[in-house]
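Reading through the structure tokens given below for one structure.
The figures that follow rest on heavy atoms only: side chains count, while hydrogens, waters and symmetry mates do not. In what follows, chains carry the letters A, B, and so on, assigned in the order in which the sequence lines appear, proteins first and then strands, with residues in each chain numbered from 1.
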Amino acid sequence: MKKIKLPSNRIIIGSTETRFGWLSFTVTPKGLKECRFMFGTKKLAEEAIVSSLDIKEPLTDDPLSVPWSELFRSYFEGKIKSFDKVPVDSDGWSDFQKKVYNTVKSIPYGKTASYGAVASFLGNEKASRAVGNALKNNPVAPVIPCHRVISSDKDLCGFSASGGIELKLKMLELEKDNS
DNA sequence: AAAACTGCGGCAG
DNA sequence: CTGCCGCAGTTTT
């Protein structure tokens with residue numbers, strides 16, 4: 001992902017259509033702030049992302065959003081297998097959330113890990129539940145691939161994005177087919 | 001400060 | 001299989 005030059009404090013809002021519905025996102029000068037998908041229409045996607053922002057006059061169809069839209073479409077078409085270079089704005093995240101974020105980001109494309117495994121990696125094998133709690137609030141799926149974290153008995157557990165478990169399963173299948 | 005949540009996990013019935 | 005409890009971190013009273 002090439003660096004995007006931004007006027008300071010500028011927030012990019014964008015949306016695009018993917019095989020998993022309309023996707024919308026926001027980007028701050030620090031990186032990707034929020035990303036949601038599985039909306040039925042462009043309008044719904046934009047409303048959802050804007051309502052979480054506290055902005056009066058959002059600029060839609062921002063030209064600066066175009067490379068980001070392409071990035072997400074590429075992932076959902078199976079053409080991109082890594083978001084490693086994508087900057088993420090983690091302001092407001094707790095230390096624990098950041099640690100979980102970093103660990104989950106290192107799970108390879110097409111692979112999975114259990115909540116307990118992530119917790120162990122962070123030094124406390126009993127924090128599995130807290131890991132799930134943190135991932136539930138992941139605002140930048142699929143850049144932080146929370147869909148790759150499953151329960152120890154190989155069930156999928158939950159998925160907070162609209163689309164739920166079904167979506168999680170489909171995303172894992174997408175990666176499996178392309179890996 | 002306490003209680004009430006969770007995308008867990010393990011171990012009983 | 002289901003149910004139950006302990007767990008750590010976050011959110012809500």
Side-chain angles (χ1 to χ4, degrees), chain A residues 11 15-16 18-28 30-40 44-45 47-55 71-72 75-76 78 80-84 86-179:
Chain A
I11 294 181
S15 62
T16 187
T18 74
R19 62 186 283 188
F20 292 144
W22 276 89
L23 174 153
S24 55
F25 57 91
T26 55
V27 184
T28 73
K30 293 181 179 178
L32 180 66
K33 184 67 178 174
E34 198 175 358
C35 173
R36 308 242 157 117
F37 50 105
M38 287 296 286
F39 296 101
L44 285 172
E47 283 172 355
I49 203 87
V50 165
S51 67
S52 69
L53 274 184
D54 192 27
I55 288 183
L71 174 77
F72 292 121
Y75 169 77
F76 284 114
I80 281 194
K81 300 184 180 178
S82 167
F83 287 113
D84 282 352
V86 177
V88 172
D89 182 349
S90 58
D91 275 10
W93 287 53
S94 70
D95 287 345
F96 181 75
Q97 281 175 311
K98 288 175 185 170
K99 286 197 285 186
V100 172
Y101 154 92
N102 279 320
T103 305
V104 171
K105 209 177 64 166
S106 70
I107 302 173
Y109 188 93
K111 305 278 182 138
T112 60
S114 71
Y115 296 92
V118 174
S120 293
F121 187 82
L122 295 180
N124 188 344
E125 65 268 50
K126 294 178 203 158
S128 54
R129 212 163 183 180
V131 169
N133 199 4
L135 288 181
K136 174 175 107 174
N137 292 28
N138 169 24
V140 289
V143 172
I144 299 174
C146 53
H147 56 282
R148 294 179 198 148
V149 185
I150 63 179
S151 77
S152 63
D153 56 11
K154 306 296 187 269
D155 274 343
L156 290 184
C157 289
F159 200 62
S160 56
S162 66
I165 303 273
E166 279 298 304
L167 173 61
K168 187 169 180 175
L169 181 61
K170 284 179 183 172
M171 291 177 69
L172 288 173
E173 284 176 351
L174 165 76
E175 297 192 350
K176 196 176 176 186
D177 291 344
N178 289 288
S179 55

**OP:** Any chance you could lay out the side-chain contact (heavy atoms from CB on, under 4.5 Å) test for A/Asn137 and A/Trp93, step after step, and finish with the verdict?
**Re:** CA-CA 10 Å; A/Asn137 292 28; A/Trp93 287 53; over 6 Å; no
Original post:
Quick one: does A/Lys33's side chain have a donor or acceptor within less than 3.5 Å of a partner on A/Pro139's backbone?
Top reply: no
**OP:** Could you check A/Val104 against A/Arg148 for side-chain contact (heavy atoms from CB on, under 4.5 Å), going step by step and ending with a plain yes or no?
**Re:** CA-CA 8 Å; A/Val104 171; A/Arg148 294 179 198 148; 5.9 Å; no
**OP:** Dump the intermediate steps for side-chain contact (heavy atoms from CB on, under 4.5 Å) on A/Lys154 and A/Thr112, then the final yes or no.
**Re:** CA-CA 9 Å; A/Lys154 306 296 187 269; A/Thr112 60; 6.0 Å; no
Original post:
Any idea how A/Tyr75 and A/Phe83 line up, ring-wise: parallel (<30°), tilted (30 to 60°), or perpendicular (>60°)?
Top reply: tilted
Subject >> Sugar-phosphate or base contact per nucleotide [nucleotides 6-13 of chain C; S, B, -; heavy atom under 4.0 Å] >> reply: BBBBSS--
Original post:
Who are the side-chain contact (heavy atoms from CB on, under 4.5 Å) partners of A/Ser179, not counting sequence neighbours?
Top reply: A/Tyr109
Original post:
Could you go step by step and tell me if A/Arg19 and A/Leu174 meet the side-chain contact (heavy atoms from CB on, under 4.5 Å) rule?
Top reply: CA-CA 11 Å; A/Arg19 62 186 283 188; A/Leu174 165 76; 3.0 Å; yes
Original post:
Nearest-Å distance, NZ (A/Lys154) to P (C/dC1)?
Top reply: 15 Å
**OP:** Just call it for A/Val131: base, sugar-phosphate, or nothing, with non-hydrogen atoms closer than 4.0 Å on any strand.
**Re:** nothing
Subject >> Those residues that, when tested against A/Arg129, pass side-chain hydrogen bond (donor to acceptor under 3.5 Å, both in side chains) (two or more places apart) >> reply: none
Original post:
At under 4.0 Å, does any side-chain N or O of A/Ser152 touch on OP1 or OP2 of B/dG9?
Top reply: yes
**OP:** Look at all strands and tell whether A/Ser160 reaches a base, only sugar-phosphate, or nothing, counting heavy atoms closer than 4.0 Å.
**Re:** base
Subject >> Residues in salt bridge (charged side-chain N to carboxylate O under 4.0 Å, His left out) contact with A/Asp95, at least two apart in sequence or another chain >> reply: none
**OP:** Mind running a 4.0 Å heavy-atom check of residues 108-118 of chain A against DNA chain B and sending the residues that fall below it, in number order?
**Re:** A/Ser114, A/Tyr115, A/Gly116
Original post:
So what does the secondary structure string of DNA chain B come out as, 5' to 3', with Watson-Crick or wobble pairs under 3.5 angstrom, [ ] for crossing and | for pairs with another strand?
Top reply: ||||||.||||||
Original post:
Using 30° and 60° as the class limits, which term best fits the ring planes of A/Phe25 and A/Phe72: parallel, tilted or perpendicular?
Top reply: tilted
